[in-house]
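One structure, pasted below without further comment.
What you are looking at is a predicted structure, and each value in this text was computed from that prediction instead of being measured. Residues: numbered from 1 along the sequence shown.
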Amino acid sequence: MENITNSPEETYLLGKELGSRALPGQVYCLDGDLGVGKTVFTQGFAAGLGIEGPVNSPTFTILQQYEEGRLPLYHFDVYRIADVSEMDEIGYEDCFYGEGVCLIEWSQLVPELLPEQVIRIRIEKDLEQGFDYRKITVEGLEP
Ligand code: ADP
Ligand code: MG
């Protein structure tokens, strides 16, 4: 599934739509360059799960956990990870194989840890299409 957005609001709404349909145990891998909109998407996704509080990039903590929604949300941002053992320390396996929903910004940096079945979301810019243009590709989600 390929989606085009032309504003942060549209990306937020796409995230919200997917968040509202998220199921227990799903792992969403969110990849794309710095500043492309991964956190904007995640904020919408969290809203779709019924999480009302602020959602920011957990850049310095790797994992931020939200329990107040329809399902628990485990929001990872592994951008600054130095060694995969840091993932062991935070108990990532309980999240990946639990009953909540995982969303992993920069999942491409930890390919060896990812479960076999994931939903891949890739956000890309194309400056020729304008500064706010984003192509958002979703793979692995049943229609
Ligand atoms: P990332 O988490 O990928 O590093 P952020 O979500 O923090 O990126 O930031 C994305 C930035 O791009 C925000 O400043 C946002 O306002 C801007 N932006 C412009 N157009 C879009 C769009 N179509 N979708 C998402 N963000 C956009
Ligand atoms: Mg981010």
Side-chain angles (χ1 to χ4, degrees), residues 1-88 90 92-93 95-143:
M1 174 171 82
E2 196 175 292
N3 306 268
I4 304 299
T5 71
N6 281 292
S7 68
E9 292 75 22
E10 283 175 36
T11 296
Y12 179 95
L13 285 176
L14 177 64
K16 190 171 178 184
E17 166 76 28
L18 292 184
S20 70
R21 289 193 267 133
L23 300 171
Q26 284 180 330
V27 176
Y28 291 78
C29 295
L30 190 48
D31 290 288
D33 294 338
L34 203 61
V36 81
K38 297 183 295 299
T39 297
V40 169
F41 178 93
T42 301
Q43 288 165 341
F45 191 89
L49 278 169
I51 294 159
E52 280 169 13
V55 172
N56 296 307
S57 230
T59 297
F60 294 100
T61 53
I62 304 181
L63 171 62
Q64 205 82 49
Q65 204 165 318
Y66 301 89
E67 299 284 356
E68 68 265 41
R70 180 170 63 80
L71 296 167
L73 173 64
Y74 305 107
H75 177 203
F76 294 80
D77 185 329
V78 299
Y79 184 58
R80 283 173 203 278
I81 205 168
D83 191 284
V84 290
S85 66
E86 290 176 44
M87 290 291 279
D88 289 326
I90 59 170
Y92 79 94
E93 281 182 305
C95 305
F96 284 14
Y97 302 99
E99 290 301 300
V101 177
C102 290
L103 202 151
I104 311 159
E105 294 191 45
W106 293 102
S107 75
Q108 72 202 55
L109 298 179
V110 293
E112 64 272 52
L113 303 187
L114 300 176
E116 216 164 286
Q117 202 178 342
V118 297
I119 295 142
R120 295 204 171 272
I121 299 169
R122 162 152 292 278
I123 311 181
E124 293 163 290
K125 289 189 190 182
D126 181 350
L127 290 177
E128 283 180 14
Q129 308 291 329
F131 192 65
D132 292 341
Y133 171 98
R134 302 290 190 271
K135 184 169 88 180
I136 305 178
T137 312
V138 181
E139 277 171 16
L141 202 56
E142 305 299 326

| field | Closest non-hydrogen atom pair, V40 against P8 | value |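 Taking V40 first and P8 second, the nearest heavy atoms are CG1-O, 3.4 Å.
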| message | Using the rule side chain to side chain contact (heavy atoms under 4.5 Å, CB included), only one of V101, L73, V138 pairs with Y28; which is it? | response |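 The passing option is V101.
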| task | Might you point out which heavy atoms bring D83 and S85 nearest each other, and give the distance in Å? | result |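 For D83 versus S85, the nearest heavy atoms are OD1-N, 2.8 Å.
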| request: Please confirm whether Y92 and F76 have ring centers closer than 6.0 angstrom. | output: no
| How many angstroms lie between CZ in R21 and CD in Q26, if you round to the nearest 0.5 Å? | 10.0 Å
| Just how far is it from atom CG of L18 to atom CD1 of I119, taken to the nearest 0.5 Å? |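 Result: 8.5 Å between the selected atoms.
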| request: Answer yes or no: is there a side-chain heavy-atom contact under 4.5 Å between R122 and Q108? | output: yes
| request: Check whether any side-chain heavy atom of H75 lies under 4.5 Å from a side-chain heavy atom of F45, and answer yes or no. | output: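 Of all side-chain heavy-atom pairs linking F45 with H75, none is under 4.5 Å.
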| message | Does any part of the side chain of D132, heavy atoms only, come nearer than 4.5 Å to the side chain of E10, both counted from C-beta? | response | no
| task | Mind listing the closest non-hydrogen atom pair of P115 and F96 along with its distance? | result | CD-CD2, 3.8 Å
| Say you draw a straight line from CZ of R120 to CG of L141; how long is it, rounded to the nearest 0.5 Å? | 13.5 Å
| field | Pairwise side-chain contact, K135 with D126, heavy-atom cut-off 4.5 Å (strictly under) | value |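 K135 vs D126: side chains apart.
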| Is any side-chain heavy atom of W106 closer than 4.5 Å to a side-chain heavy atom of L34? | yes
| query | Which pair of non-hydrogen atoms, one from G19 and one from L49, has the smallest distance, and what is that distance? | reply | O-CD2, 3.6 Å
| request: Check whether the side chains of D31 and S107 place a donor and an acceptor atom closer than 3.5 Å, and report yes or no. | output: yes
| message | Using side-chain heavy atoms (C-beta onward) and a distance below 4.5 Å, is Q43 in contact with Y12? | response |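 Answer yes - side chains close enough.
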| Atom CG of N3 and atom OG1 of T11: how far apart are they, to the nearest 0.5 Å? | 9.0 Å
| field | F41 and its side chain to side chain contact (heavy atoms under 4.5 Å, CB included) partner, picked from V36, L14, L13 | value |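 Of V36, L14, L13, side chain to side chain contact (heavy atoms under 4.5 Å, CB included) with F41 is met by L14 alone.
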| task | Supply the atom-to-atom distance T5 OG1 to I136 CD1, rounded to the nearest 0.5 angstrom. | result |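 With rounding to 0.5 Å, OG1 (T5) is 4.0 Å from CD1 (I136).
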| query | Taking it one step at a time, do D77 and K38 satisfy side chain to side chain contact (heavy atoms under 4.5 Å, CB included)? | reply | CA-CA 10 Å; D77 185 329; K38 297 183 295 299; 5.9 Å; no
| Are I104 and V118 side-chain neighbours, meaning at least one heavy-atom pair lies under 4.5 Å? | no
| Verdict with reasoning, T39 to N56, per side chain to side chain contact (heavy atoms under 4.5 Å, CB included) | CA-CA 7 Å; T39 297; N56 296 307; 5.6 Å; no
| note | Between I4 and Y133, the two heavy atoms sitting closest are CD1-OH, 3.2 Å
| task | To the nearest 0.5 Å, tell me how far M87 CE sits from I62 CD1. | result |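 The CE atom of M87 sits 7.0 Å away from the CD1 atom of I62.
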| field | CA sep, side-chain torsions, deciding dist, call: R134, K125, side chain to side chain contact (heavy atoms under 4.5 Å, CB included) | value | CA-CA 5 Å; R134 302 290 190 271; K125 289 189 190 182; 3.7 Å; yes
| Would a 4.5 Å heavy-atom cut-off, applied to side chains only, mark Q64 and T42 as touching? |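 Q64 vs T42: side chains apart.
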